[in-house]
Amino acid sequence: MQTKAVVEQLAGIVGANQVLSTPDLMGAFVVDWTGRYRGDAICVVRTHSVTEVSAVLALCSGAGIPVVPQGGNTGLVGGSVPQVNSGAVVLSLTQMNSLGPVDPVTGHVSVGAGVTLAALQAHAHAAGWSFGVDLAARDSATIGGMVATNAGGIHVVGNGMMRKQVLGVEVVLASGEVIRSMSGLAKNNTGYDLTQLFCGSEGTIGVITEVSLQLIRPHSTELILSGCESVDQALSIASRFTGKLAAAEIMDRAGIDAVSRVTGIVVPFPTPFHILVEVDGEIAPGDLDDLEFVTLAMDSGERAKYWALRERITEVLAVESVGVSHKLDISVPLSELDAVYREITTYLDQPGVRDVVLFGHLMDGNFHVFFTTDTDDTTLDAAVLELVAACGGSISAEHGVGHMKADHLHLSRSAPEIAAMRGIKTALDPKGILNPGVLFI
Ligand code: FAD
Ligand code: MLT
Ligand code: ZN
């Protein structure tokens, strides 16, 4: 089908003003948050209802047109944007932002896929509840995108990842057929768990249009900021609060100094690492007495300031860094974390590599590894991922595989696992129109 005819037919489904087809209007939809992944598209289609999504997919499926589902476009592995010469349609879900009522007894709520995390959090708080996942991109990241990436963030140690909050989903398959598993039943043992299948599916087997979520009861926490000499010392401090941890984050010197330079927030301690530990309930007297570098946030202003030292690292590095940025997201067993930190930093201490920063979700064994180089050669990235895999770690702890790590999937998944995943992809998307090049090469 000719491009013009595709655009006209899509406009017939969603309305002409909901289809963007000029390069300037499509600009922000075809480049990812990091600026590293840049592609092109026939057009961007913005939908309002599951019926529209279904009709768009039926049309694209019939014509063999690739479709890239997109939420807030904050993903960090290039999966939310099409590739160059893709001939794809970007399907933007951000206008599907309905917020259902919060059930006061169960804490269940159903929301549109395009609802931002911040909007969900405000909605939950207004009803006396909280949402279990939080991350710095909260103002733009959507619930559909967070399900599709099985997002992690700062509270995984207490509440688990996105999949743990998800009770049900409404999904449109490549054919346009709709699967709806939104009953919210506590018990339903009737075969395969299709809802969980879509958590972490990265837009490759269906478009999520609505999500049923479990909210949690709000709880008060204390926030500790401590300076540490090593990753092992950081682990041992956080481990004192096992069972009561709401968050446990680590920042190396380079990361925290970069935030300080930009924000003016004074870095409290002279140590190579700082950790933020959020503890449910009160800290017992004596819990921290032996530590030389430690402070408690005394009010909401101090909490915000300490959290900014951690949460603003990504944004500050994106703005400040010169050259090609490399962003990896790895996890290893906690017993290996100190050694892997030292191996990675030793390996990256070589000519041509600059601005090495490691930070992340300490008690998830999850480091974000950032560095810059002059070229976009990915040899160094591959070497770090191989090193992590050799220690029994994962090449993607929480950001997903996207385009960035599709050719490294074998490092974390066995051949039979990849074959099973391909089988699922083929069964649900036989023509391969959904997010080609993401997850599998
Ligand atoms: P997008 O970026 O639009 O898409 C991400 C993927 O999901 C793509 O493959 C896309 O095709 C697919 N997708 C999107 N919507 C749908 C849908 N409705 N149906 C089917 N597929 C869909 N991530 C973490 O896990 N933890 C963090 O702590 C964290 N912190 C971040 C901090 C910053 C400053 C930034 C910029 C990003 C951070 N991220 C983090 C990454 C990102 O925010 C998450 O991956 C988030 O889940 C992406 O949501 P999104 O709506 O922006 O999805
Ligand atoms: C974070 O934890 O801040 C993020 O996942 C973002 C990043 O890796 O830069
Ligand atoms: Zn993270």
Side-chain angles (χ1 to χ4, degrees), residues 28-29 32-35 37 47 50 53 57 66-82 88 90-94 96 111-117 133-156 161-162 169-174 198-211 247 249-251 255 259 307 310-319 325-331 357-362 364 366-370 396-404 406 434-439:
F29 296 86
D32 82 324
W33 190 88
T34 65
Y37 293 88
T47 48
V50 63
V53 174
L57 285 176
V67 175
V68 177
Q70 190 181 89
N73 198 12
T74 66
L76 296 172
V77 289
S80 51
V81 292
V90 174
L91 177 53
S92 171
L93 282 297
T94 55
M96 295 183 61
V111 304
V115 163
T116 63
L117 173 58
V133 173
D134 195 13
L135 44 83
R138 58 183 74 81
D139 290 330
S140 305
T142 64
I143 297 306
M146 291 175 64
V147 175
T149 56
N150 185 28
I154 54 178
H155 294 313
V156 173
M161 295 181 77
M162 193 66 187
V169 286
E170 178 185 78
V171 173
V172 183
L173 301 180
F198 290 97
C199 299
S201 60
E202 300 189 46
T204 60
I205 51 174
V207 177
I208 300 156
T209 47
E210 196 179 335
V211 184
E249 299 287 307
I250 184 162
M251 301 81 90
V259 175
W307 268 115
R310 163 65 182 89
E311 286 206 324
R312 295 199 58 187
I313 294 177
T314 303
E315 166 208 337
V316 163
L317 294 178
V319 174
S325 313
H326 300 250
K327 283 178 76 63
L328 299 172
D329 162 41
I330 58 101
S331 66
V357 176
L358 276 83
F359 63 102
H361 313 288
L362 176 68
D364 307 334
N366 178 187
F367 262 123
H368 299 308
V369 183
F370 178 91
S396 177
E398 57 172 13
H399 294 162
V401 175
H403 291 294
M404 183 193 274
L434 285 171
N435 237 353
V438 165
L439 207 49

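One is the number of the first residue; the rest follow in order along the sequence. Worth knowing before you read on, the calculation uses all heavy atoms, side chains too, and leaves out hydrogens, waters and symmetry mates. One-based numbering, in listed order, for ligands and for the atoms of each.
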Per-atom filter on ligand 2: closer than 4.0 angstrom to a heavy atom of F359 are 3 (O), 7 (C), 9 (O)
Heteroatom distance test (V68, ligand 1): nitrogen or oxygen, under 3.5 angstrom: no
Closer than 2.8 Å to the Zn ion (ligand 3): how many protein N, O or S atoms are there? 3
At a 4.0 Å cut-off, with the gap strictly under it, does some heavy atom of E398 reach an atom of ligand 2? yes
What do we get for M162 next to ligand 1 when only non-hydrogen atoms under 4.0 Å count, side chain, backbone, both or neither? neither
Which of the numbered atoms in ligand 2 are below 4.0 angstrom from a heavy atom of L76? 6 (C), 7 (C)
Go through the side-chain N and O atoms of E170 and T209 and say whether any donor and acceptor fall under 3.5 Å apart. yes
Answer yes or no for D329: is there a heavy-atom contact with ligand 2 below 4.0 Å? no
Taking only non-hydrogen atoms of G206, do any sit less than 4.0 angstrom from ligand 1? yes
List ligand 2 atoms under 4.0 Å from T314, heavy atoms only on the residue side. 3 (O), 6 (C), 7 (C), 9 (O)
Enumerate the atoms of ligand 2 whose separation from the nearest heavy atom of H361 is less than 4.0 angstrom. 2 (O)
May I ask you to check whether N73 and S80 show a side-chain donor-acceptor distance below 3.5 Å? yes
